[in-house]
Amino acid sequence: PVTAPARDNVFYISTAIAYPNGSPHIGHAYEAISADVLARFARLDGKDVFFLTGTDEHGQKMVQTAQSEGLTPSALATRNANRFREMDQRLNVSFDRFIRTTEEQHHRSSQEIWRRMEANGDIYPDTYAGWYSVRDEAYYAEDETRLNDDGVRLGPQGTPVEWVEEKSYFFRLSAYQDKLLKLYEDHPEFIGPDSRKNEVVSFVRGGLRDLSISRTTFDWGVKVPGDEDHVMYVWVDALTNYITGVGFPDESDTNWRYWPADVHIIGKDIIRFHAVYWPAFLMSAGIALPKRVYAHGFLFNRGEKMSKSVGNVVDPFNLADQYGVDQMRYFFLREVSYGQDGNYNHEAIVARINADLANDLGNLAQRSLSMIAKQLGGVLPEPGAFSDNDKAILAMADGMIAASREAMATQQIHHWLNAVWAVVAEANRYFAGEAPWALAKTDPARQKTVLYVTADVVRQIAILAQPAMPTASGLLLDSLGIPAGERDFAALGGDKRIAAGSTLPAPTPAFPRYIEPAA
Ligand code: ME8
């Protein structure tokens, strides 16, 4: 037998690292949940997974917010970084490392990548004079800005820009235009979804100007090696977190085997940093490039952008308390086509919980399992010969894993859940059509076969639903008596079926209905 090289089995996924200038909001929660589902899926599929998340603690935005709150940037960062980590824990986000860019290792890592870019001749001193958005931590060309009705100059994302003039080091980004265009052409999978790729390609085709990569008007950041008057532009150190997270600059760190990342999960507003600046920095430093950058869309509350002034900023902790963690995770993943913008509101969340989860999956599981408990003494029955209907529903369940893998290989999370819930719907039709409750008297052997088939279909659904709903799927697998070692994707596809003859525990409902609290 041929043993694949170890590298083939590793999977490295990251989220963006959030600015801890405030508490996490639902957009942060969404990104964490969606990356988590991809990480959990890969783990259950037998991969050696590394999942990185964390906080981006330097930059002018942190300095300004800290000033306005009467805190040091460091105190502000620590308070909110803790809040982000707590959110991940509350939402069952299974990160392997939570990185903070103020860590000592990260300063060394950023200085090392800087030295390598400098050694490659790509860094030179000059003076920057141009527009800067503190909210975006981004430099913009004049033609990317506009004046609003109040005479305020705004950047392309609608945030105010200010004029900055200071001594600065520059990165020779202009030298990378052709190399980047070649990258996008040779690796069409480098940027997803396609709409974002087109946006990046046309930006790069339009010409790249050298990038200012240091600041001298404040000192909250990573010191530039050999010139302590400068701190690095926050995006230089922020992007570097992805290599620090797996051991850089210590390339003998055992986690360094995870590099290059399989996918960086980010929001659509920061695609330019990840698909233009980051690969250029890495090429310059002679470090392998990530395989893919995938930009998800933005979430809107009843179609409106979240903002403190509108007062519609939703706290992810409150959503989890109100609807349940698994329910909230399922809702966002199923409701929003991954890669596109999405909307959420109370009615839509309740509709998903009650229709997809409580009615469709929960009732199917509960009805079949309680029939086994009440009519068959809680013993999973031995099936007879399978009818055509049995074979058809089993074949559909067995086919889920291939469809799921295909969807998840390109982050089509909603397609994966659609494939699973198509089987849930078909299993309900099968169950209703076979009417096993009526078979107890007329054809007990046939009742056993139908309940066995249903149990195996529900088992496969529950195994595949684990990345989205780890806790509820686990409860369902408990009710089916599935041992811990038989819950990964190797148990799918029909080579293995549920063991007949085992005594099942009393079934616990895993998917309760949402009931409106009394007014
Ligand atoms: O951009 N819906 O940090 P950040 C969905 N520190 N996603 C949203 C969102 C929304 N309404 N609002 C924000 C930064 N996001 C940098 C990243 S990475 C080296 C540095 C996403 O706290 C946003 O797109 O502003 C980004 O991916 C993440 O939340 C963190 O945003």
Side-chain angles (χ1 to χ4, degrees), residues 13-35 52-62 65 73 76-77 80-81 83-84 87-88 91 93 98-102 106 109-110 113 133-138 155 157-159 196 221-222 232-245 261 263-279 281-282 290 293-308 310 312-316 319 332-333 335-344 411 413:
I13 181 169
S14 62
T15 65
I17 47 171
Y19 293 120
N21 64 321
S23 293
H25 57 59
I26 197 69
H28 295 120
Y30 176 62
E31 184 168 299
I33 289 169
S34 62
L52 182 72
T53 191
T55 40
D56 181 2
E57 308 194 351
H58 297 126
Q60 206 173 357
K61 179 152 69 178
M62 288 297 290
T65 313
L76 176 70
N80 287 321
R83 201 64 187 148
F84 274 90
M87 176 191 76
D88 288 337
L91 299 180
V93 172
F98 188 100
I99 190 171
R100 297 182 55 186
T101 55
T102 44
H106 181 68
S109 174
S110 304
I113 196 173
S133 162
V134 176
R135 289 254 296 275
D136 302 348
E137 297 282 17
Q157 319 229 24
T159 60
R196 297 273 96 83
V222 179
M232 293 181 196
Y233 168 41
V234 63
W235 272 101
V236 173
D237 100 72
L239 291 161
T240 302
N241 96 87
Y242 300 126
I243 54 177
T244 311
V263 61
H264 293 315
I265 297 294
I266 57 164
K268 66 176 185 180
D269 57 326
I270 55 175
I271 189 78
R272 190 186 290 185
F273 302 97
H274 285 80
V276 181
Y277 302 171
W278 182 224
F281 294 164
L282 289 168
V293 173
Y294 191 87
H296 61 73
F298 262 49
L299 290 185
F300 296 96
N301 184 337
R302 294 185 190 279
E304 280 189 273
K305 198 172 168 174
M306 278 181 287
S307 89
K308 281 189 188 145
V310 181
N312 64 353
V313 180
V314 173
D315 177 354
L319 273 193
F332 283 114
L333 300 169
E335 183 84 0
V336 182
S337 293
Y338 203 54
Q340 287 169 31
D341 291 343
N343 255 298
Y344 61 96
Q411 296 78 37
I413 296 174

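When a ligand or atom number is given, it counts from 1 through the structure's own listing order. Just so we're clear, the structure is a prediction, and the values are computed from it rather than from any experiment.
Interface of E31 with ligand 1, defined as ligand atoms under 4.0 Å from a residue heavy atom, comprises 21 (C), 26 (C), 27 (O), 28 (C), 29 (O). The contact set between ligand 1 and D269, taken as ligand atoms under 4.0 Å from a residue heavy atom, comprises 23 (C), 24 (O). Ligand 1 places these atoms under 4.0 Å from at least one heavy atom of A238: 19 (C). Which parts of ligand 1 touch D56 is read off a 4.0 Å heavy-atom cut-off, strictly below it: atoms 6 (N), 16 (C), 20 (C). Taking a cut-off of under 4.0 Å to the non-hydrogen atoms of H25, the atoms of ligand 1 that pass are 9 (C), 12 (N), 13 (C).
Every heavy atom of E137 sits 4.0 Å or more from the atoms of ligand 1. A heavy-atom separation below 4.0 Å is found between G297 and ligand 1.
Salt bridge status for E137 with K61: absent, with no side-chain N to carboxylate O gap under 4.0 Å.
Ring geometry for F298 versus F300: interplanar angle of 30 to 60°, hence tilted. Ring planes of W235 and Y19: perpendicular class, angle over 60° (limits at 30 and 60°).
For the residue pair T15 and A32, the shortest heavy atom distance occurs at CG2-CA, 4.3 Å. Smallest separation of non-hydrogen atoms from S34 and L333: CA-CD2, 3.9 Å. For N301 against V314, the heavy-atom pair with the smallest separation is ND2-CG2, 3.3 Å. Across every non-hydrogen atom of V234 and D56, the tightest pair is CG2-OD1, 3.5 Å. T101 approaches N241 most closely through the heavy-atom pair CG2-CB, 4.4 Å.
If you look at F98 and F84, their ring centroids are not closer than 6.0 Å. In this structure, the ring of H296 has its center no less than 6.0 angstrom from the ring center of F332.
In this structure, atom 15 (N) of ligand 1 lies nearest to the protein heavy atom F298 CZ, 4.0 Å. What sits closest to atom 14 (C) of ligand 1 on the protein, heavy atoms only, is Y19 CE1, 3.3 Å. At the top of the distance list for atom 7 (N) of ligand 1, counting protein heavy atoms only, stands H296 CE1, 3.2 Å. L299 N, 3.0 Å is the protein heavy atom nearest to atom 2 (N) of ligand 1. Atom 22 (O) of ligand 1 has H28 NE2, 2.9 Å as its closest protein atom, hydrogens excluded (heavy atom only). Annotation: atom 11 (N) of ligand 1 to nearest protein heavy atom, M306 CE, 3.1 Å.
Counting heavy atoms under 4.0 Å from ligand 1, residue W235 touches it through the side chain alone. Contacts between Y242 and ligand 1, counted as non-hydrogen atom pairs separated by less than 4.0 Å, involve the side chain only.
Between K268 and ligand 1, no pair of N/O atoms sits closer than 3.5 Å.
When the heavy atoms of I26, I270, I266, I17 are ranked by distance to atom 16 (C) of ligand 1, first place goes to I17.
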For E57 and T55, run side-chain hydrogen bond (donor to acceptor under 3.5 Å, both in side chains): C-alpha distance rounded to whole Å, both residues' side-chain angles, the deciding distance at 0.1 Å, then the answer.
CA-CA 6 Å; E57 308 194 351; T55 40; 2.7 Å; yes
